[in-house]
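From a predicted model like this one, the values you see are computed outputs, not experimental measurements. Counting begins at 1 with the first residue of the sequence.
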Amino acid sequence: MRVIRVRTIVLLSVLYLGLVSLLYHLLWRTHALDNLFDTPGDSVPQSDNEFVQFNFKRQNGPHLPPQQVGSVDDGPLNKTENDTVAITTSTRSITLLPLTAAGSLTPNQTSGAKKHTSNGIQKTGARAASNLNSSTNIDLEFGAPNYCFHAFYYMWYGNEHIDGQYLHWNHRYLPHWEKSVAKKYPQGVHTPPHDIGASFYPELGCYSSKDVATMEQHMLQLRQAKVGVISVSWYPKGLSDDEGAPPDFLISELLDTANKYAIKVTLHVEPYKDRSPVTLQRDLKYIHGKYSHHPAFYKFRVARGAAKNRERWLPLIYIYDSYLSSAQEWAEVLKPGGRHSIRGTEHDCVAIGLLVKQSDKNSILEGGFDGFYTYFASNGFSFGSSITMWSSLATFAKQSNLVFIPSFGPGYDDTRVRPWNSKNSKDRKDGGYYRQMFNAALKNHEGGIVSVTSFNEWHEGTQIEPAIPKHANGFTYLDYTPHSPQYYLQLTAEFSELLQCSTA
């Protein structure tokens, strides 16, 4: 009798604790949703006189032109039949890649502690998630990734141990274009490992993008965050930005590593020297030949022709600073009948241009792009990055049969590379700013894609990668306290779960 009584008490205790836990979870979730859907504060682009005349994203690019604030009629996006996103034009319709066609996880076979290099890539053996020995375990641990949830990813970092020198961590201070202003601010370069060109300090320290162990750790973190696709900053073979090394030779290793975690990879084509629509055509031939057959390379399902009866899987390519070439030049490559048209050829792609100014809407449409994204994580910096404009942009995209990919981020602070640009900084507000921007993206995506700026663009302080508290050489880095270094990965996972992907 005593044994039965004890067992009964234990059983009732377990049931009680379970009910308390369930009630707490429901209350927490309700509170989280209430916080998530708080009305965001309005922000509009800066006026012509206030608009900062520099290339907001790239260190040595051309200045962005001033712009006028404007809008078109607001209106909701409507889902198509069967709750999928289909973008239809007179020559093509585009349907998002279904989750079931996105490939499956393969068991991670990395083991041992061997260390060797292959094509300059550092392999350190021990993997980031040693207990995740199968795709089933990874799925159970993290759930399915969301292939409508993209994040911009950078592979331009290097350190002395692996690369023989620091790359990007030692980023120089960029001078203001007016000499009278420039002389008021620091000059020269940063001196890692304790002094880096970022306002936050990475939990992994000054890592090298060549290090496969770092790739593994990043893919694990992205999977924890339920990010389905990474858009990798890319230059053609042998080219790079002024602060880094050519990244192209790392892409194959990244694809292999990402595939272990069912993460897809696409490319974010940077504005390299003499880039043009014609050179992009050449790039696409290279990308198709070298990467497009890899199971981790991200693709859209596209229907071509008037009858829409010819379906193909095509790479989706982000083209940064697409406005540097005219719509007429892009049309020669991106429209059927253009002198160098890729449409209907084996080198075709889903081309996503950058929308910065209001006038870029016409350029995107007339240039033959399949869609556009907004990139910048500083709300109000540009027409495209202003969340008050996203409703009208979503309407424009629907009316024009274009893919609209709003970009949002956790904050912005580039004052360790542009010390004169504090006016564009965006405080993280303990995750409040990130929620505000995601809320705006969620309202305007209607089953399509959204993009996070960024996973690891440390120079501009847009990263969701874990950061730690650090004080060195008289400078105190920003961090995520009172939250853990993983806080923004956790928030991203929460957002990803709320984002309904109509192709899943």
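Residues forming a side-chain hydrogen bond (donor to acceptor under 3.5 Å, both in side chains) with Gln486 (at least two apart in sequence, or on another chain): Glu203. Partners of His190 by ring-ring contact (aromatic ring centres under 6.0 Å, His included), not counting sequence neighbours, listed by chain and number: Tyr173. Every residue meeting the side-chain hydrogen bond (donor to acceptor under 3.5 Å, both in side chains) condition with Thr481, not counting sequence neighbours, appears here in chain and number order: Asp479. With sequence neighbours left out, the side-chain hydrogen bond (donor to acceptor under 3.5 Å, both in side chains) criterion links His194 to Lys470. Scored by the side-chain contact (heavy atoms from CB on, under 4.5 Å) test, Ser252 finds Lys290, Tyr291 as partners (sequence neighbours excluded). Partners of Tyr477 according to the side-chain hydrogen bond (donor to acceptor under 3.5 Å, both in side chains) rule, which considers only residues two or more places apart in sequence or in another chain, are Arg416. With sequence neighbours left out, Leu478 forms a side-chain contact (heavy atoms from CB on, under 4.5 Å) with Ser199, Phe200, Asp413. Partners of Asp427 by side-chain contact (heavy atoms from CB on, under 4.5 Å), not counting sequence neighbours, listed by chain and number: Lys429. Not counting sequence neighbours, the partners of Asp283 by the side-chain contact (heavy atoms from CB on, under 4.5 Å) test are Trp234, Pro236, Tyr272, Leu280. Asp248 is linked by a salt bridge (Lys or Arg N to Asp or Glu O under 4.0 Å) to nothing, counting only residues two or more places apart in sequence or in another chain.
Annotation: Tyr147 is not in aromatic contact with Tyr298 [ring centroid separation under 6.0 Å not met]. Two rings, from Tyr153 and His268, have their centers 6.0 Å or more apart.
Between the side chains of Asn421 and Asn424, a donor-acceptor pair is found at a separation under 3.5 Å.
Classification of the Tyr320-Phe376 ring pair by plane angle, with boundaries at 30° and 60°, yields perpendicular.
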